[in-house]
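Quick notes on the structure that follows.
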Amino acid sequence: MNKYILSFLFLFSLEIISEDITSINIGEEWFLDSRSNKLSPTNSKVLYFMPNDAYHTHRARQFGDWDVFSIVDDRNLERLNKGDVIQIVEPSFNEKIYKVKLMNGSSKNKDFFIITEDLIKYYKPLKEQNNE
């Protein structure tokens, strides 16, 4: 009986957590709210030039197998500074990856790809910045 109650509580808590996730809409602008430095290879958030690189990195994180899933050349990454703005263009790979347009910096108006988990974790919608 206790197993059933614990299972119900666990599933109920997952439903509450999933409702807390921010919705991502096409055309929205998001800004990088996390610490990031374009010049630092270890302390920078990145966008990917190729959707497959982003997807393989996502899979490597998910399964913990970096040898098989993720081999990304450093030249295929766009490093960002805190405050950089991206615009959501379209989802891909079942919304695990999003195509985005960089709205400032040297690569302004170029299309890149971002892992959805990174978007939710490190970015905030631009309207939140304007409200603060």
Side-chain angles (χ1 to χ4, degrees):
M1 183 67 173
N2 287 341
K3 287 189 259 181
Y4 296 115
I5 293 172
L6 287 174
S7 298
F8 174 74
L9 291 174
F10 177 72
L11 292 174
F12 183 71
S13 65
L14 285 178
E15 184 176 326
I16 291 172
I17 291 170
S18 66
E19 289 176 3
D20 190 38
I21 294 176
T22 306
S23 65
I24 301 169
N25 299 315
I26 305 302
E28 272 187 336
E29 292 186 349
W30 293 57
F31 71 99
L32 180 59
D33 190 42
S34 181
R35 181 181 302 183
S36 180
N37 183 352
K38 181 182 275 191
L39 301 176
S40 172
T42 58
N43 188 27
S44 62
K45 306 303 180 249
V46 298
L47 298 175
Y48 300 86
F49 283 108
M50 305 298 294
N52 290 339
D53 288 343
Y55 184 70
H56 290 308
T57 301
H58 166 71
R59 298 263 310 179
R61 289 178 188 173
Q62 186 177 18
F63 295 110
D65 194 356
W66 293 93
D67 295 336
V68 175
F69 291 118
S70 182
I71 300 174
V72 178
D73 191 343
D74 190 44
R75 296 172 289 184
N76 291 335
L77 300 173
E78 177 69 21
R79 298 190 183 283
L80 303 173
N81 287 321
K82 183 174 181 171
D84 282 350
V85 178
I86 58 174
Q87 181 181 38
I88 308 299
V89 176
E90 65 183 8
S92 23
F93 296 103
N94 287 332
E95 297 183 352
K96 292 181 180 13
I97 308 298
Y98 275 89
K99 183 177 184 179
V100 298
K101 182 185 291 187
L102 188 59
M103 302 306 286
N104 56 354
S106 60
S107 297
K108 182 177 180 177
N109 292 328
K110 289 187 180 177
D111 290 334
F112 296 98
F113 296 88
I114 188 168
I115 300 170
T116 304
E117 295 168 0
D118 292 348
L119 178 66
I120 293 170
K121 188 174 183 180
Y122 301 122
Y123 292 77
K124 288 186 180 176
L126 194 57
K127 61 184 175 195
E128 285 187 17
Q129 182 183 31
N130 294 337
N131 291 340
E132 292 177 358

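Note that the coordinates shown come from a computational prediction; the quantities given were computed from them, not determined experimentally.
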Locate the shortest heavy-atom distance separating [X] from [Y]; write the atom from each residue and the value.
X	Y	answer
Trp30	Ser23	CZ2-O, 3.9 Å
Ile26	Glu90	CD1-CA, 3.7 Å
Tyr48	Thr57	OH-CG2, 3.4 Å
Ile24	Thr116	CD1-CG2, 3.8 Å
Phe113	Met50	CD1-C, 3.8 Å
Arg75	Phe49	O-CE1, 3.5 Å

query: Out of Leu77, Leu80, Ile115, which one pairs with Val46 under the side chain to side chain contact (heavy atoms under 4.5 Å, CB included) rule?
result: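 Among Leu77, Leu80, Ile115, the one meeting side chain to side chain contact (heavy atoms under 4.5 Å, CB included) with Val46 is Leu77.
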
Give, for atom [atom1] of [X] and atom [atom2] of [Y], the distance between the pair rounded to the nearest 0.5 Å.
X	Y	atom1	atom2	answer
Lys82	Asn43	NZ	CG	11.0 Å
Gln62	His56	CD	NE2	13.0 Å
Ile114	His58	CD1	NE2	13.0 Å
Leu47	Tyr98	CG	OH	15.0 Å
Ser36	Arg79	OG	CZ	8.5 Å
Glu78	Lys38	CD	NZ	5.5 Å

Is any side-chain heavy atom of [X] closer than 4.5 Å to a side-chain heavy atom of [Y]?
X	Y	answer
Gln87	Glu28	no
Leu102	Lys110	no
Ser34	Lys45	yes
Leu32	Asn81	no
Asp111	Val89	yes

Basic-acidic side-chain contact under 4.0 Å: Lys121, Asp33: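 Salt bridge between Lys121 and Asp33, a charged N being under 4.0 Å from a carboxylate O: no.
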
- prompt: Charged N to carboxylate O under 4.0 angstrom, Lys108 versus Asp84?
  reply: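 Salt bridge: no.
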
message: For Tyr55 and Phe93, take the angle between the two ring planes, folded into 0 to 90°, and tell me which bin it lands in: parallel under 30, tilted 30 to 60, perpendicular over 60.
response: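 Rings of Tyr55 and Phe93: parallel, as their planes differ by under 30°.
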
message: Please confirm whether the ring centroid of Tyr123 lies under 6.0 Å from the ring centroid of Phe31.
response: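 No: the rings miss the under 6.0 Å criterion.
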
- prompt: Got more than 12 heavy atoms from elsewhere within 6.0 Å of CG, Asn94?
  reply: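 Open: at most 12 neighbouring heavy atoms sit under 6.0 Å from CG of Asn94.
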
